[in-house]
Amino acid sequence: MSPLSSGLLGDLDPTSDRAVFRQIADQLREAIDRGRFREGEKLPSEAELVDHYGVSRMTVRNSFSILQGEGLVHAEHGKGVFVRPRPPVRRLASDRFARRHRDQGKSAFIVEADAAGSHPQVDSLEVQEEKASQDISARLGSVRRVLARRRRYLLDGRPVEFATSYLPLDIARGTQIAEPNPGPGGIYARLEELGHRLDHFEEEIRARMPSPDEVRTLRLAAGVPVIHLIRTAFDAEKRPVEVCDTVMAADAYVLAYQLPAT
């Protein structure tokens, strides 16, 4: 039986001033929100919707475009349009940099991947010394040159974020931090071994639409925004010892926070 014959979608309102393609998008959106179409499930085909509503294929495609722009669905060439899965990774700010994880030899990304039941990978790794940008220099206390560590993170083979860490050369040059593999616990574990016991982190977060390069790097579907996060790590002497500039696929993460009620 066709999914449209079971009452999952209603009829168009011919008396409404709302455009037909928007009415169709409204009905599909409501069906998704109510769980009539589940995560990963294929939506009715263009042909089924054309037959159900008595409209043109272009009208149906315009309806799909609205939902894609909202990040609710994604199209797979030759297969159809599918409900986009909810974010798989819960990024708990108050826990991800806990020292106990470093003591266990785990970086923050591995901790999050384990919690999500996913397989973590890192690729596109670049480590080099370079001139600090004006912004990075200011954040690190007016340093002129930095060690930059660029990498892309994947979960189960899917790119979910890419990040660049900038560290002062007087701290990082000639250490394991400058090696492709910084060792168990990542660069934060190495910083603490070098005597820079981490005291706190400051994060700035904003959401925006991705650049063309970011779309390619993260393989983003149409309409998916990114989360741009800049984090500065401070040691016990209140010195900034690292700035991490991260761009994340917004459909891959939930950012969770625990705030004191004081």
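The figures here come from the full heavy-atom set of this structure, side chains too, leaving out hydrogens, waters and symmetry mates.
Between the side chain of Ser137 and the backbone N or O of Ser133 there is no donor-acceptor pair closer than 3.5 Å. Judged by distance alone, with hydrogens and angles left aside, the side-chain atoms of Glu192 form no donor-acceptor pair with the main-chain N or O of Ala189 at under 3.5 Å. Of the possible donor and acceptor atoms, one in the side chain of Arg190 sits under 3.5 Å from a partner among the backbone N and O of Pro182. Between the Thr59 side chain and the Val55 main chain, no donor and acceptor come within less than 3.5 Å of each other. Side-chain atoms of Lys42 do not come within 3.5 Å of backbone N or O of Val83 as any donor-acceptor pair.
The closest side-chain donor-acceptor pair between Asp251 and His74, if any, does not fall under 3.5 angstrom. Looking at Ser118 and Asp156, their side chains do bring a donor and an acceptor atom within 3.5 Å of each other. Side-chain contact of Arg151 with Ser165: a donor-acceptor pair under 3.5 Å is present, judged by distance alone.
Counting heavy-atom neighbours within 6.0 Å of Gln128 CD, excluding the residue itself, gives a total above 12. Other residues, nucleotides and ligands contribute more than 12 heavy atoms inside 6.0 Å of the NZ atom of Lys238. Annotation: Gln134, atom CD; neighbour count of heavy atoms from other residues, nucleotides and ligands within 6.0 Å does not exceed 12.
Nearest approach of Arg158 to Ala252, heavy atoms of both residues: NH1-CB, 4.0 Å. Nearest heavy atom pair, residue Arg152 against residue Pro159, reads NH1-CG, 3.7 Å.
Residues Val226 and Leu229 do not share a hydrophobic cluster, clusters being chains of Ile/Leu/Val/Met/Phe/Trp/Tyr side chains in contact below 4.5 Å. By the criterion of side-chain heavy atoms lying less than 4.5 angstrom apart, applied directly or through intervening Ile, Leu, Val, Met, Phe, Trp or Tyr residues, Phe64 is grouped together with Leu12 in one hydrophobic cluster. Under the 4.5 Å side-chain heavy-atom criterion for grouping Ile, Leu, Val, Met, Phe, Trp and Tyr, Val224 is connected to Phe162 within one hydrophobic cluster. When the side chains of ILVMFWY residues are joined at heavy-atom separations under 4.5 Å, either directly or via intervening members, Leu167 and Leu125 end up in a single hydrophobic cluster. When the side chains of ILVMFWY residues are joined at heavy-atom separations under 4.5 Å, either directly or via intervening members, Leu169 and Val127 end up in a single hydrophobic cluster.
To the nearest 0.5 Å, the span separating SG on Cys244 from CD on Glu203 amounts to 9.0 Å. The structure places CD of Glu193 at 12.5 Å from CZ of Arg197, a figure rounded to the nearest 0.5 Å. Between atom CD1 of residue Ile171 and atom CG of residue Leu191 there is a gap of 6.5 Å, rounded to the nearest 0.5 Å. Of the inter-residue distances, the one linking Thr217 atom OG1 with Glu161 atom CD reads 13.0 Å to the nearest 0.5 angstrom.
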With salt bridge (charged side-chain N to carboxylate O under 4.0 Å, His left out) as the criterion, how do Arg208 and Glu214 come out once you've worked through the C-alpha distance, each side chain's angles and the decisive distance to 0.1 Å? CA-CA 11 Å; Arg208 58 173 173 78; Glu214 291 166 347; 2.8 Å; yes
Listed pairs under 3.5 Å, donor-acceptor, residues 20-28 side chains, sequence neighbours left out:
residue: Gln23; atom: OE1; partner: Asp13; partner atom: N; Å: 2.8
residue: Gln23; atom: NE2; partner: Asp13; partner atom: O; Å: 3.3
residue: Gln23; atom: NE2; partner: Arg18; partner atom: O; Å: 3.0
residue: Asp26; atom: OD1; partner: Arg18; partner atom: NH2; Å: 3.3
residue: Asp26; atom: OD1; partner: Arg29; partner atom: NH1; Å: 2.9
residue: Asp26; atom: OD2; partner: Arg18; partner atom: NE; Å: 2.6
residue: Gln27; atom: OE1; partner: Gly10; partner atom: N; Å: 2.9
residue: Gln27; atom: OE1; partner: Tyr53; partner atom: OH; Å: 2.7
residue: Gln27; atom: NE2; partner: Asp11; partner atom: O; Å: 2.8

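Classification of the Phe201-Tyr188 ring pair by plane angle, with boundaries at 30° and 60°, yields tilted.
No salt bridge links Arg231 with Glu202; every basic N to acidic carboxylate O contact stays at or beyond 4.0 Å.
Hydrophobic side-chain contacts under 4.5 Å tie Ile230 into a cluster, directly or through other members, with Ile136, Leu140, Val143, Val146, Tyr166, Val243.
In this structure, His119 has no ring pair (Phe, Tyr, Trp, His ring centres under 6.0 Å) partners at least two apart in sequence or on a different chain.
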